[in-house]
**Q** 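Structure below; questions to follow.
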Number of protein chains: 2
Amino acid sequence: MADINVLTLSSRPLESGSATAEHGQAQGPAFDLIELLFFAYRDFIGDADEVLARLDFGRAHHRVLHFVNRHPGIRVADLLDVLKITKQSLGRVLRELVDNGYVVQRAGPADRRQRLLFATQKGEALALELALLQTRRFARALHECGGEAREAARKFLAAMIEPSARADVEALIARADREAKNRPR
Amino acid sequence: MADINVLTLSSRPLESGSATAEHGQAQGPAFDLIELLFFAYRDFIGDADEVLARLDFGRAHHRVLHFVNRHPGIRVADLLDVLKITKQSLGRVLRELVDNGYVVQRAGPADRRQRLLFATQKGEALALELALLQTRRFARALHECGGEAREAARKFLAAMIEPSARADVEALIARADREAKNRPR
DNA sequence: CGTTTATGTCAGCCATATTGACATATTCTG
DNA sequence: CAGAATATGTCAATATGGCTGACATAAACG
């Protein structure tokens with residue numbers, strides 16, 4: 001945090017002399033990328049918002065349902081850890097998902113204090129519908145970019161994640177994929 | 001403890017074979033990309049959050065300050081249009097920015113009903129500090145990806161934007177860049 | 001002149017998050 | 001086994017940042 005001021009005070013972006021050559025923005029703020037990510041994420045989220053609104057659900061419900069569906073049997077504590085919210089915040093949202101039959105809770109087989117979370121068929125269907133909407137947006141975008149775009153996008157997005165958290169996120173994704181693969185349907 | 005410590009750092013097992021050849025995952029949801037974007041955006045936003053929290057500002061203040069700084073003299077109505085919020089929502093946030101000396105309002109020279117918005121030097125400094133934090137994240141990520149990554153990322157992010165809105169966003173960015181270039185400092 | 005426009009403001013509501021305190025099972029441990 | 005620790009739930013109060021609706025004011029426009 002100490003070096004923030006150094007950068008702030010020293011680098012005057014985009015001097016009028018058009019000194020920014022070639023690929024530009026070597027030192028100035030990447031306003032274009034910042035704004036593109038802002039708008040891209042808004043529209044990415046917007047896909048799901050429309051469907052959710054019809055069910056009187058919000059983004060909070062989406063996040064919970066998504067991770068419960070991706071990690072069947074996830075413990076409440078782990079879900080809180082992934083979402084980085086408090087149990088009080090999770091409370092209402094989870095109750096509504098349970099009350100409306102999208103999620104069920106079952107006591108842990110070994111540790112009966114645990115309330116393991118599972119998406120019901122209904123919950124699974126909704127999670128899939130939402131994921132497919134967003135997948136379609138990715139597919140369209142990547143198709144426009146062509147070729148190696150998928151792997152490039154994957155790498156880029158992973159690189160944007162805080163380095164200290166990246167391994168955990170990658171592991172989380174890998175584990176969910178692996179478990180899904182081994183889950184008989 | 002809530003460990004998500006599954007230590008496999010292996011990248012996603014791509015289905016081998018030619019069924020999902022071209023762009024992979026032709027039919028299934030792209031859970032990996034969805035989650036990577038979720039976590040990437042969270043960390044991207046988190047950079048600014050820390051600074052803002054110290055000033056008792058939130059993301060709403062950031063968004064307003066960002067666009068005011070990028071478009072000096074922007075009208076309230078246009079700001080509402082960019083942010084897609086109501087004037088009532090803008091109200092409190094804008095007042096706090098003005099009260100704390102980050103933004104000033106001036107009557108339009110031609111139409112005195114307008115209250116054109118400008119970032120003060122203080123506001124400009126904060127906007128730049130925040131933008132540079134986020135720029136550093138982009139720079140690190142793009143450096144990791146190497147080569148043509150910046151243009152690829154730009155293209156990808158633009159492609160993720162709702163097609164009907166994309167031209168407007170691109171024009172917005174282009175205009176801000178053009179005006180910044182012609183603005184003498 | 002009257003209407004429209006640009007903006008502001010008051011009041012109330014909703015969703016989602018927070019902290020803190022406390023309750024209830026259940027498991028673990030000395 | 002008793003007591004500590006753990007997993008979860010819940011009540012209450014508060015903050016933030018959205019929303020709608022109604023109304024106010026000043027300036028521009030026709």
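All heavy atoms count here, side chains included; hydrogens, waters and symmetry mates do not. A quick note: this is a predicted structure, and the numbers were derived from the prediction, not measured.
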**Q** Side chain of A:R112 only, please: which of C:dT27, C:dA6, D:dG9 is the nearest?
**A** C:dT27
**Q** If each of A:H61 and A:G108 is mapped to the nucleotide of DNA chain C with the nearest heavy atom, which maps nearer the 5' terminus, i.e. the 5' end?
**A** A:H61
**Q** Take atom NZ of A:K87 and atom P of D:dC11, then tell me their distance rounded to the nearest Å.
**A** 13 Å
**Q** Report which part of the nucleic acid A:G58 touches: base, sugar-phosphate, or nothing (heavy-atom distance under 4.0 Å, all strands).
**A** sugar-phosphate
**Q** Would you say B:S89 reaches D:dC19's phosphate, i.e. side-chain N/O to OP1/OP2 under 4.0 Å?
**A** yes
**Q** So which nucleotide from C:dT7, D:dA7, D:dA12 ends up closest to the side chain of A:Q88?
**A** D:dA12
**Q** Is it true that, when you exclude B:R106 itself, more than 12 heavy atoms of the residues, nucleotides or ligands shown sit nearer than 6.0 Å to its CZ?
**A** no
**Q** Without decimals, in angstroms, what is the distance between A:D99 CG and D:dG9 C1'?
**A** 14 Å
**Q** With the side chain of A:R113 defined as its heavy atoms from C-beta on, choose the nearest nucleotide among D:dA7, D:dT20, C:dG8.
**A** D:dA7
**Q** Look at the rings of A:F44 and A:F138 and say which category their plane angle falls in: under 30° parallel, 30 to 60° tilted, over 60° perpendicular.
**A** perpendicular
**Q** Contact class for B:A53 vs. all strands (heavy atom < 4.0 Å): base, sugar-phosphate, or nothing?
**A** nothing
**Q** Calculate the interatomic distance between A:L52 atom CG and C:dT16 atom C1'; express it in whole Å.
**A** 14 Å
**Q** Given B:R54 and B:D49, is the salt bridge (charged side-chain N to carboxylate O under 4.0 Å, His left out) satisfied, shown in steps?
**A** CA-CA 9 Å; B:R54 272 182 262 131; B:D49 281 348; over 6 Å; no
**Q** Identify the residue among A:L172, A:L157, A:D168 that makes a side-chain contact (heavy atoms from CB on, under 4.5 Å) with B:F39.
**A** A:L172
**Q** On DNA chain D, compare the nucleotides closest to A:D111 and A:R95; which residue's is nearer the 5' end?
**A** A:D111
**Q** Which of parallel (below 30°), tilted (30 to 60°) and perpendicular (above 60°) describes B:H66 and A:F31?
**A** perpendicular
**Q** In whole Å, I'd like the distance from the CG atom of B:L94 to the C1' atom of D:dG17.
**A** 15 Å
**Q** To the nearest angstrom, how far is A:D81 atom CG from D:dA7 atom P?
**A** 12 Å
**Q** For A:L116 and C:dT26, what is the distance between atoms CG and C1' respectively, to the nearest whole Å?
**A** 14 Å
**Q** Which nucleotide in the list D:dC19, D:dG9, C:dT7 gets nearest to the side chain of B:A77?
**A** C:dT7
**Q** Across the strands shown, which category fits A:A107 at heavy-atom distances under 4.0 angstrom: base, sugar-phosphate, nothing?
**A** nothing
**Q** Distance check needed: C:dA15 C1' versus A:I85 CD1, whole Å only.
**A** 13 Å
**Q** Hey, does B:I45 have a side-chain heavy atom less than 4.5 Å from the side chain of A:Y41?
**A** no
**Q** Would you kindly give the CZ-to-C1' distance between A:R59 and D:dG17, to the nearest whole Å?
**A** 12 Å
**Q** Please work out if A:R63 contacts a base, only the sugar-phosphate, or nothing of the nucleic acid, heavy-atom cut-off 4.0 Å.
**A** sugar-phosphate
**Q** For D:dG9, take OP1 and OP2 only and decide whether either is under 4.0 Å from a side-chain N or O of A:Q105.
**A** yes
**Q** So which one's nearest nucleotide on DNA chain C is more toward 5', A:A110 or A:D56?
**A** A:D56
**Q** Look at all strands and tell whether A:E96 reaches a base, only sugar-phosphate, or nothing, counting heavy atoms closer than 4.0 Å.
**A** nothing
**Q** Answer with base, sugar-phosphate or nothing: what part of the nucleic acid does B:R92 contact at a heavy-atom distance below 4.0 Å?
**A** base
